[in-house]
Structures are given as structure tokens and as C-alpha cells.
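First comes the structure, then the notes that go with it.
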There are 2 protein chains.
Amino acid sequence: MLPPKSPLQILRSADLRPTRQRLSLAKMLFVECDQHVTADWLYNKALSNGVSVSLATVYNTLNQFTKKGLLRHIIVDSNSSYFDTNTNHHHHFFFEGTGQLKDIPSDVIKIHGIPLLPDGATIDRIDIIIRVR
Amino acid sequence: MLPPKSPLQILRSADLRPTRQRLSLAKMLFVECDQHVTADWLYNKALSNGVSVSLATVYNTLNQFTKKGLLRHIIVDSNSSYFDTNTNHHHHFFFEGTGQLKDIPSDVIKIHGIPLLPDGATIDRIDIIIRVR
DNA sequence: CAATACTTTTGAACGATTCTAAAATAAAAA
DNA sequence: TTTTTATTTTAGAATCGTTCAAAAGTATTG
């Protein structure tokens, strides 16, 4: 188990300038870790924490973090877009009633029988969503 | 192999009034079958076939058909929402470059190790999307 | 055919997200 | 430091896919 990184270290190693906004958002995401987060939820959490940040910056930051591999973007249905602070390979339960997601560690689920890919194609990732009601 | 149903029969058995618009859309979807269809694509196909129908009706109809189990709605990412004319249980390749989907029959892929569900919960369906680039 | 129920249409409204370009801030250079 | 340059943030407008509202049209029932 590696020691947890500070927001500053996280931004440094992702090659992103440690601005006030990014540091605050990184802290909310990776220190006070909440797993499955929407842009709106993070924006409101920032506001209620007294962190002054615009919604556009929340979106920018979530997208930058995703591009740098610090977050994983999960789209479950047309009105549920989450950012997942767990970037390890894993799967999800989706509770249709509440809109909640719950992790399934990748090592408990086994898949086999994946058909051959077309020439030159490579698997980027495999998403399994078990929809539960 | 059952004989293919006519648009009229499809609408009848789904308990939907056979209007001109629904008959045309059903024909495009289930007779001149195109598998993975967006609302916009269907709207334009209708127009170029000389079928006069509004975009709102295309959306209404796709949603009604989905609710009646004639279509399956697949959301792959924030800007790719498809309706699948194959409602049998199956999975998908998603080609990130082109945005195309390709079916994987459910019987070729095997999963096991699904964790126990919380009390009272039941699995609605399992979606596997293999993202390929 | 008249009455009722449902469907379609247009255009406005919506919510989530992205864009724009001006103001602010960070980093690098002097 | 101070200045310069590069990057980031911001507010608000714009965009996109989709849904809504209410009036007009069409199917079904009696």
C-alpha cells in the first residue's frame, strides 16, 4: 500500500498547475474521497465548503483529471454521468431506483469468450454494468 | 425461426395505434432493419424516404417502442445514444474511432462471480461494453 | 356520424455541458 | 523583484440532444 498522495503531489504528477481551484477540487475528490461524483454534486460541495469556483472550472477540471487518468468517466444512462475516483479496473452495480453506483472489484467477476477483434483493434477497456432494481 | 411480423402486427401486439408515422418508423426499424439507430439518423432516413414526420414524433416513438420492449436503449457515452432493434440479450463492441456498435451474442460470452445482491434487489440486465480502439 | 381518446406537430423550454473572450493568476525571464 | 509570457478561471452565452405544452389532426368507439 503506497502512502496517499497530497493534492499538490497529485497535480504535480499529472502535470497540472496547482491552482487554488484545482487543489481544492483534488482534495474533495481524492482526500475526502466520495467515489462516484457528478459535476453538479462537486460544484455544490465546493460552494458549501466555501470554496469559490465556477461550474465551468468544475467541468474543465473533471475533464482534465479524466484525461490524465486520475478519474474515470462512467455514463450509465442519459441522465447519469459520474466521475469515479477509483481508476482501477472494476465494474458496477447500478441501482435504477436511486441512481446509485456500487463497485464490483474486477477480480471477483470473470468473463470469457470474448470474440476476436478486427485486425489492429485493441481493447481499451471492458465495462460491465449490472442494472439492479 | 418465427415468420417476421409486419409493422401492423408489431404495433398491434404492442398495443399501439397503427398511425401513419408509427407504421413508417416501424417499417424502417424492423423491416429494413439497421440494428443500431440514433433518433437523428431515423429522422433523416424518414425525411429522405419522403415520410413526413416530426423529430418529436421520432423521439416519442422510439421511447414508446423501447417501453414496449420492441427496442433497447444503449448509452455508450455522453454523445452516443442508440436504439437497438435486437432486443435479445447480447453485448457490444464499441469502436471509439467511428462510434459504431457491433453485437456480441450473449451466449459466446460467459460471466461468473457476480456478487450477491442486496435483499430484494433483482438484476434487470447486464450490459457489457467492450471498448475498442 | 358524433363523441371520445389518442397522436402529431411546432416551437418553446430544458438540463447538461462546452465555448468565448476578458480578467486573473502562475511560472519563467530579466 | 518586476516584467513578460503562458495558463487558468470566470460569467455568461451558446450548443446539443431531448422533452414539453398546447393546439390541430387522426383513429377508435358507440
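Chain naming here is simple, since letters A, B, ... match the order of the sequence lines and numbering starts at 1 in each. Side-chain atoms are counted along with the backbone in the values below, which use heavy atoms only and exclude waters and symmetry mates. Note that the coordinates shown come from a computational prediction; the quantities given were computed from them, not determined experimentally.
D124(A) pairs by the salt bridge (charged side-chain N to carboxylate O under 4.0 Å, His left out) definition with R133(B), not counting sequence neighbours. Listed by chain and residue number, nothing satisfies the side chain to side chain donor-acceptor pair (under 3.5 Å) test with S106(B) (two or more places apart in sequence, or in another chain). In terms of the salt bridge (charged side-chain N to carboxylate O under 4.0 Å, His left out) criterion, residue partners of D127(B) (sequence neighbours excluded) are, by chain and number, R131(A), R72(B), R125(B). For Q64(B), the side chain to side chain donor-acceptor pair (under 3.5 Å) criterion is met by R22(B), not counting sequence neighbours. Scored by the salt bridge (charged side-chain N to carboxylate O under 4.0 Å, His left out) test, D34(B) finds K45(B) as partners (sequence neighbours excluded).
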Worksheet item: For nucleotides 12-21 of chain D, read 5' to 3', which letter fits each nucleotide if B means a protein heavy atom sits under 4.0 Å from the base, S means only the sugar-phosphate is that close, and - means neither?
Response: -----SBBB-
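Overall bending of the helix from dC1(C)-dG30(D) to dA30(C)-dT1(D), expressed as the angle between end axes built from five pairs apiece, is 20° (10° steps).
At the heavy-atom level, S52(A) lies under 4.0 Å from the strands shown only through sugar-phosphate atoms.
Interface residues of residues 5-23 of chain B facing DNA chain D, ordered by number: R17(B), P18(B); criterion, heavy-atom separation under 4.0 Å.
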List the atom pairs, donor and acceptor, that lie under 3.5 Å between side-chain atoms in residues 108-119 of chain B and the rest of the protein, sequence neighbours left out.
unit_1  : atom_1 : unit_2  : atom_2 : d
K110(B) : NZ     : D107(B) : O      : 3.3
H112(B) : NE2    : H112(A) : NE2    : 3.2

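Residue pairs meeting the ring-ring contact (aromatic ring centres under 6.0 Å, His included) criterion with at least one partner in residues 9-38 of chain A, sequence neighbours excluded, are F30(A)-F65(A), H36(A)-H92(A).
Looking only at side-chain heavy atoms (C-beta outward), R20(A) and S52(A) come within less than 4.5 Å of each other. Side-chain contact check for I130(B) versus H91(B): every heavy-atom pair is 4.5 Å or farther apart. Put simply, the side chain of T61(B) does not reach to within 4.5 Å of the side chain of Q21(B), judged on heavy atoms. Between L42(B) and L25(B) the shortest side-chain heavy-atom distance falls below 4.5 Å.
Checked by atom type, the side-chain pair D77(B)/S80(B) shows a donor-acceptor distance below 3.5 Å.
Taking 4.0 Å as the cutoff to heavy atoms of chain A, we find the contact window on DNA chain C bounded by dA16(C) to dA27(C).
Other members of the hydrophobic cluster containing V76(A), listed by chain and number, are I74(A), Y82(A), F94(A), L101(A), I129(A); membership follows side-chain contacts under 4.5 Å among ILVMFWY residues, whether direct or relayed.
Taking atom CG of L47(A) as the reference point, atom P of dT9(D) lies 15 Å away to the nearest angstrom.
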